[in-house]
Undergrad: 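Please see the structure below; I have some questions.
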Amino acid sequence: MDSKPVYLDSTYPTEARVEDLLSRMTLEEKIAQLNSVWASNIVENGKISEEKLNALLKNGIGQISRLAGATSLPPKEVAKVYNEIQKFLVERTRLKIPAIVHEECLSGFMANTATTFPQAIGLASTWDPELIYKITSVIRKQMRCVGAHQGLSPVLDVARDPRWGRIEETLGEDPYLVATMGERYIRGLQGDDIRRGIVATAKHFAGHSFSEGGRNLAPVHVSPREFREVFLFPFEVAVKSAKVLSIMNAYHEIDGIPCASSKELLTKILREEWGFGGIVVSDYGAIDMLHSFHRVTDSKEGAARLAIEAGIDIELPNLNCYYEPLISAVKKGFVSEATIDEAVRRVLRLKFQLGLFESPYVDLSEVPEFLDGKDEYRSLALEAARESIVLLKNDGNLLPLSKSIESIAVIGPNAASTRNLLGDYSFTAHLSLTKDAVPIISILEGIKRKVSRSAKVYYAKGCEVTGNSKDGFEEAIELAKKSKVAIVVVGERSGFSKEDTSGEGRDRSELSLPGVQEELVKAIYETGTPTVVILVNGRPLAIHWIVERLPSILEAWLPGEEGGNAVADVLFGDYNPGGRLPISFPKSVGQIPVYYNRKATSFGNYVSSDSKPLFPFGHGLSYTKFEYSNLEITPKEVEPIGEIHISFEVKNKGKMKGDEVIQLYLSDIVASLTRPVKELKGFKRITLDPEEKKKVTFILYTDQLAFYDEHLNLVVEPGTYEVMIGSSSEDIRLSGSFEVVGEKKIVPKLRRYFSHTLIE
Ligand code: BGC
């Protein structure tokens with residue numbers, strides 16, 4: 001009897017299996033591994049088409065592009081289709097290679113009935129990396145059970161321009177915060193054993209958030225030093241510390257070179273410098289765009305060649321440049337087979353690591369009818385939504401409200417809406433569905449559940465998110481007049497359609513509340529009824545007028561399925577808000593950029609305003625007060641390779657239990673090159689009971705002081721460093737300093753990225 005080929009025998013080491021399999025492959029079979037096919041191209045009316053399987057997958061396939069995130073099929077049906085596709089590949093193709101199935105998972109698995117967590121900008125507002133880990137652990141289970149292996153998240157773009165519609169998909173404006181949250185996102189999604197995990201995809205490599213004018217896909221202008229320190233930093237951490245297994249290129253160009261054809265980015269930095277060993281997938285259609293959009297080549301063949309030589313292994317989402325054009329490019333000698341082999345090796349290696357050959361199928365009896373069916377999933381969605389809410393302003397302590405309040409007017413286009421609580425990569429918003437995929441609690445509903453039975457809760461929409469009609473104003477004003485308090489829920493609508501004001505492709509040239517919403521807020525405010533504003537939006541808004549006049553403002557972002565309950569918990573004091581802004585709010589569009597870690601020279605005034613933000617990075621209030629004391633920094637002097645302990649006490653001085661997000665900022669007082677005024681180097685969210693006190697110690701590593709010097713070497717320079725402990729980037733409570741002594745040092749390749757925190 002013939003023995004099993006080496007590649008099908010799991011007792012062999014992965015590399016031996018890869019080489020054995022590669023040596024058996026024809027050119028067509030190799031190139032098939034560099035491609036993906038839309039699952040929906042193989043399915044007709046919810047059923048697999050034999051004819052299409054034979055036509056599209058006869059030589060095997062690298063990946064299958066999302067089915068769950070492109071159709072309304074219930075999870076069991078999705079799993080069935082994936083099993084059948086794998087069965088075809090395993091039983092009816094020559095080499096029996098299963099496919100990697102990819103799906104989207106930014107704010108939860110983008111699938112019918114899956115849990116919808118807060119959008120990424122809200123998750124960043126929690127400043128709670130362990131919470132992100134818990135969330136992506138749930139996402140991992142929900143994806144794996146239907147047969148998916150790769151998720152196209154997280155977004156590690158550092159956000160600096162709120163005009164860009166994709167701000168909501170990011171983890172904010174600070175590279176340290178993005179890297180910390182991103183690291184936990186990746187670890188939670190990939191899990192301890194990738195055979196049961198989901199391959200995370202860090203995107204969009206790189207600098208996608210920094211486009212000209214905040215316009216999606218526009219060129220990015222960035223200097224090499226800033227590029228590395230700000231935009232590449234979270235990716236470097238993802239590769240070197242979180243061991244991310246996939247990277248997706250970005251669509252834009254930098255200095256004339258599209259990222260999809262940048263060998264510098266995709267090979268030199270990513271693989272040679274950082275040692276990335278996973279797969280690079282193209283953003284959807286990005287390879288074709290090399291000829292159809294960027295016009296750096298005149299054919300699909302040319303596009304395929306540029307991309308494969310730059311380092312993109314797999315083209316998503318469908319058979320295009322990497323299919324026939326790439327085969328013909330190799331046959332004509334434009335692309336060497338050795339280049340193809342390298343990419344195929346990476347794809348096969350990942351398939352072996354995933355254990356696909358040993359278990360290509362999922363057990364259908366384990367796929368629930370309803371992915372979000374467990375109480376623990378909804379509780380986690382609630383916890384995340386609560387933690388993400390930021391109390392921007394609370395003059396006169398209007399909040400929290402009493403539950404025995406007699407009457408409330410709940411007003412505004414986002415008050416009763418469930419749809420508008422979702423981000424652009426949630427299932428409902430992405431597919432523009434009219435019906436929610438999971439039960440979603442609106443803010444109106446959350447409030448109704450919270451107040452006493454005798455309380456009167458009135459509701460009027462007032463106006464739409466967009467459009468000029470004020471027909472609903474009168475009713476809203478009447479209701480506000482007869483109520484003890486008015487709660488006005490305004491903001492944006494996220495998604496991909498023309499009605500949407502935030503999300504991919506929904507960039508804005510102004511940052512006021514869309515439509516006539518600001519006028520609605522004014523009209524309600526002018527009734528004299530105490531008014532609370534709740535923002536449900538994807539990006540920072542320039543709402544100067546509102547901030548100056550209205551006493552209490554809550555930022556809820558796009559809080560997901562439990563958003564309404566979370567907001568009500570905060571409004572009525574069942575939960576004390578502790579979220580912090582991961583991005584600065586501008587006063588006006590003309591002020592952009594307003595991120596906190598600028599250079600000292602960037603803070604000049606305009607004729608009619610200063611250059612400070614409306615709300616700074618790290619800002620967020622609480623219903624209690626925290627007092628900081630007893631800063632100690634040891635040692636006072638440190639060599640360029642060493643650590644510093646920064647300790648102090650934080651006490652809850654109020655009457656309510658609450659969360660404080662302690663922020664550690666550093667400033668390099670004199671350096672050989674100009675440095676930002678301050679930079680976040682550590683943070684910790686802690687919970688304190690009334691009168692409770694905790695000692696907090698940040699262990700800061702000197703590697704974290706490094707910057708790229710004039711030769712682009714990563715160095716730590718001697719000199720004085722100012723330490724600032726803050727409750728926000730502008731609310732610094734304690735400060736001190738330490739000295740780095742000795743010679744300037746080049747930082748080793750394996751460096752420390754994060755400080756550690758001890759709580760006693
Ligand atoms: C986005 C990616 C996304 C892809 C597929 C693209 O337009 O840039 O972030 O993964 O679509 O959904």
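Note that ligands are numbered from 1 as they come in the structure, with each ligand's atoms numbered from 1 the same way.
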Undergrad: Here's a test for you: under side-chain hydrogen bond (donor to acceptor under 3.5 Å, both in side chains), which of Q63, Q150, R66, H149 qualifies with H102?
TA: Q63
Undergrad: Side chains of E236 and Y753: any donor to acceptor distance under 3.5 Å?
TA: yes
Undergrad: Decide whether Y251 and D283 meet the rule of one side-chain donor and one side-chain acceptor closer than 3.5 Å.
TA: yes
Undergrad: How would you list, by chain and number, the residues with a heavy atom under 4.0 angstrom from ligand 1?
TA: R66, E104, L152, R166, K203, H204, M248, Y251, D283, Y284, Y425, E504
Undergrad: Using a strict cut-off of less than 4.0 Å between a Lys/Arg side-chain nitrogen and an Asp/Glu carboxylate oxygen, indicate whether K300 and D288 qualify as a salt bridge.
TA: yes
Undergrad: Test ring pair (Phe, Tyr, Trp, His ring centres under 6.0 Å) on F496 and Y425; report intermediate values, then the result.
TA: CA-CA 9 Å; F496 292 74; Y425 273 81; 5.6 Å; yes
Undergrad: Could you check whether E173 pairs with R160 (Lys NZ or Arg NE/NH1/NH2 to Asp/Glu carboxylate O, under 4.0 Å)?
TA: no
